[in-house]
Protein chains: 2
Amino acid sequence: MKDDVDIVLFLERLGRMLKNDTHADGLKPSQWDALRYLARANRFSRTPSALTAYFGMTKGTVSQTLKALERKGLIAKTHDPLDRRNIRLSLTKAGSALLKRDPASAIRKIAGSMAKDQQAELVAGLNALLQLTLEDRGSKSFGVCKTCRYFEEKTASRASQRCKLLDVSLSVQDSELICVENITL
Amino acid sequence: MKDDVDIVLFLERLGRMLKNDTHADGLKPSQWDALRYLARANRFSRTPSALTAYFGMTKGTVSQTLKALERKGLIAKTHDPLDRRNIRLSLTKAGSALLKRDPASAIRKIAGSMAKDQQAELVAGLNALLQLTLEDRGSKSFGVCKTCRYFEEKTASRASQRCKLLDVSLSVQDSELICVENITL
DNA sequence: CCTATTTGTTTCGTGTCGATACCAATTGGG
DNA sequence: CCCAATTGGTATCGACACGAAACAAATAGG
């Protein structure tokens, strides 16, 4: 019954240190999280609801965070012309510039100093745990676009890569970013 | 320059999900954290300042969290008679009982369902990263008492286990709990 | 059309958290 | 021995986090 090592203790403590690091530059941890996400998500996935699903927060909370970021001039909101309920988010120049000073880089750098094979094992383990957790709560996995079943490679007969689900062509950049619609199988 | 996998993304997301889980039973995530810590710390380490160091928060924040837990009847505070500046914290019966319904157990259980060797690799990786991070910011490691250099085994000539640093005898329980003073080397 | 659903926003109450000022107990140097 | 300096905690402030619930606007689907 008594766990010798409790994984929750590690996640909790590392998560808290990561969070405590990210109180810099007048931004709060959640605001850094959102900024980081927007930098890595493709254009279909830079919306408030995608952010909501990605971090498992409520839409009210996300709305507040985005409002703060917009007020600070770090992100911009535009209505999707095709469905005016959707808000498209994007980093402003200031937002991109600020991300270069991401305080989380401290931990990123420390992780990078670990032995390569241990890094790989750690990432594999974290990923497995994350996938199981997402599965457990029926959430989407948010993989990278080009790993998706709906991703269609560029061929001789097709001018560019495409998303078969949304029926649009994809830039190389888009296909390497995080996508809400990602379905790995 | 471009990281294929960013460990911060995993820690951030898993940490956030863990945190979002722990809004149950009228307690906030930090309050669960504190409760969990108090259940695993030995008697020298159940103080506000130990908690402060363990989670890397400020003492003001910790003070607030503990005030809330005391108000809810989950912990008790007593002055150390030897140094009346020190506050000794302890879980009340209600606190211990509540911990049995720790919402973080969901993730704990999911982690338990992973392959044993992958679990071991994950924990080893998390621990390595944590140690490096702590080292980087000059914090204490907070290991388990009996792994400490100041720990003295029970022998034929000594009635019980001892802590050579604080010069006190230790119960078996104490020696298996987290200690602020732990110095592994 | 006219309701139901989807997507976001607003408001509210409790709590977090760093910063700062503060207080009481202890320690230590002259 | 005494008066700073230090140590361990608390109080207050302001910005924000967060779930919950009420709301608004656009779209979907009979």
Side-chain angles (χ1 to χ4, degrees), chain A residues 12 15-35 44-72 74-89 103 137 180, chain B residues 12 15-35 44-72 74-89 103 180-181:
Chain A
E12 180 183 82
R16 188 166 289 282
M17 300 207 146
L18 182 55
K19 177 179 168 186
N20 290 346
D21 273 355
T22 56
H23 272 278
D25 282 285
L27 292 201
K28 297 289 175 175
S30 310
Q31 299 174 1
W32 280 111
D33 285 353
L35 232 47
F44 313 115
S45 309
R46 291 194 291 262
T47 69
S49 62
L51 243 172
T52 301
Y54 189 77
F55 286 121
M57 298 185 287
T58 60
K59 49 189 185 170
T61 298
V62 169
S63 189
Q64 292 308 308
T65 299
L66 294 175
K67 196 165 75 172
L69 288 174
E70 190 184 22
R71 181 161 29 82
K72 293 174 184 178
L74 302 171
I75 64 170
K77 295 179 179 178
T78 52
H79 281 277
D80 180 340
L82 294 175
D83 183 342
R84 291 185 50 75
R85 287 173 304 184
N86 289 306
I87 302 276
R88 300 279 165 205
L89 303 166
R137 57 193 71 183
V180 221
Chain B
E12 182 182 81
R16 188 165 289 283
M17 300 205 148
L18 181 55
K19 177 179 167 184
N20 290 346
D21 274 356
T22 55
H23 272 277
D25 283 285
L27 293 199
K28 296 288 176 178
S30 311
Q31 299 174 1
W32 280 112
D33 285 353
L35 233 46
F44 312 115
S45 309
R46 290 192 292 261
T47 69
S49 61
L51 243 172
T52 300
Y54 189 75
F55 286 120
M57 298 185 289
T58 59
K59 49 187 187 171
T61 300
V62 168
S63 188
Q64 292 308 306
T65 299
L66 294 175
K67 196 166 74 171
L69 288 174
E70 189 183 25
R71 182 159 28 83
K72 293 175 185 178
L74 301 172
I75 65 169
K77 296 178 178 178
T78 52
H79 280 277
D80 181 340
L82 294 174
D83 184 341
R84 291 185 51 74
R85 288 173 304 180
N86 291 305
I87 301 277
R88 301 276 166 207
L89 303 166
V180 221
E181 308 289 358

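Hydrogens, waters and symmetry mates play no part in the numbers below; they use all other heavy atoms, side chains included. Because the structure is predicted, anything quoted here is derived from the model rather than measured. Residue numbers start from 1 in every chain, and the chains themselves are labelled A, B, ... in the order their sequence lines are given, proteins ahead of strands.
Both B:Gln64 and B:Lys59 lie close to DNA chain D; mapped to their nearest nucleotides by heavy-atom distance, the more 5′-ward contact belongs to B:Lys59.
Computed from coordinates, the A:Asp80 CG to C:dT7 P distance equals 11 Å when rounded to whole Å. In this structure, B:Arg46 places its CZ atom 18 Å from P of D:dG8, rounding to the nearest Å. At whole-Å resolution of the value, CG in B:Asn86 and P in C:dC23 are 21 Å apart. Rounded to an integer number of Å, the gap from CZ of B:Arg71 to C1' of C:dT14 is 9 Å. Taking atom CG on A:Leu51 and atom C1' on C:dT7, their separation rounds to 14 Å, with Å as the unit. For B:Phe55 and C:dT16, the CZ to P distance is 12 Å, given to the nearest whole Å.
Among the protein residues, B:Ser30 comes within range of the sugar-phosphate backbone only, with heavy atoms under 4.0 Å from sugar or phosphate atoms but none that close to a base. Contacts of B:Leu82 with the nucleic acid, taken as non-hydrogen atoms under 4.0 Å apart, involve only primed sugar atoms and P, OP1 or OP2. Within 4.0 Å (heavy atoms only), B:Arg88 reaches no atom of the nucleic acid at all. Counting any heavy atom pair closer than 4.0 Å across all strands shown, A:Leu69 reaches no nucleic acid atom.
Regarding contacts with the backbone of D:dT10, a side-chain N or O of B:Lys77 is found under 4.0 angstrom from either OP1 or OP2. The phosphate of C:dT9 (OP1 or OP2) has no side-chain N or O of A:Arg85 nearer than 4.0 angstrom. For C:dT16, one of the phosphate oxygens OP1 or OP2 lies less than 4.0 angstrom from a side-chain nitrogen or oxygen of B:Gln31. Distances shorter than 4.0 Å separate some side-chain N or O of A:Lys67 from OP1 or OP2 on C:dT10. Of the side-chain N and O atoms in B:Lys72, one or more sit less than 4.0 angstrom from OP1 or OP2 of C:dG15. Here A:Asn20 does not reach the OP1 or OP2 of C:dC17: none of its side-chain N or O atoms lies under 4.0 Å away.
Side-chain atoms of A:Thr52 and A:Ser49 include no donor-acceptor pair closer than 3.5 Å.
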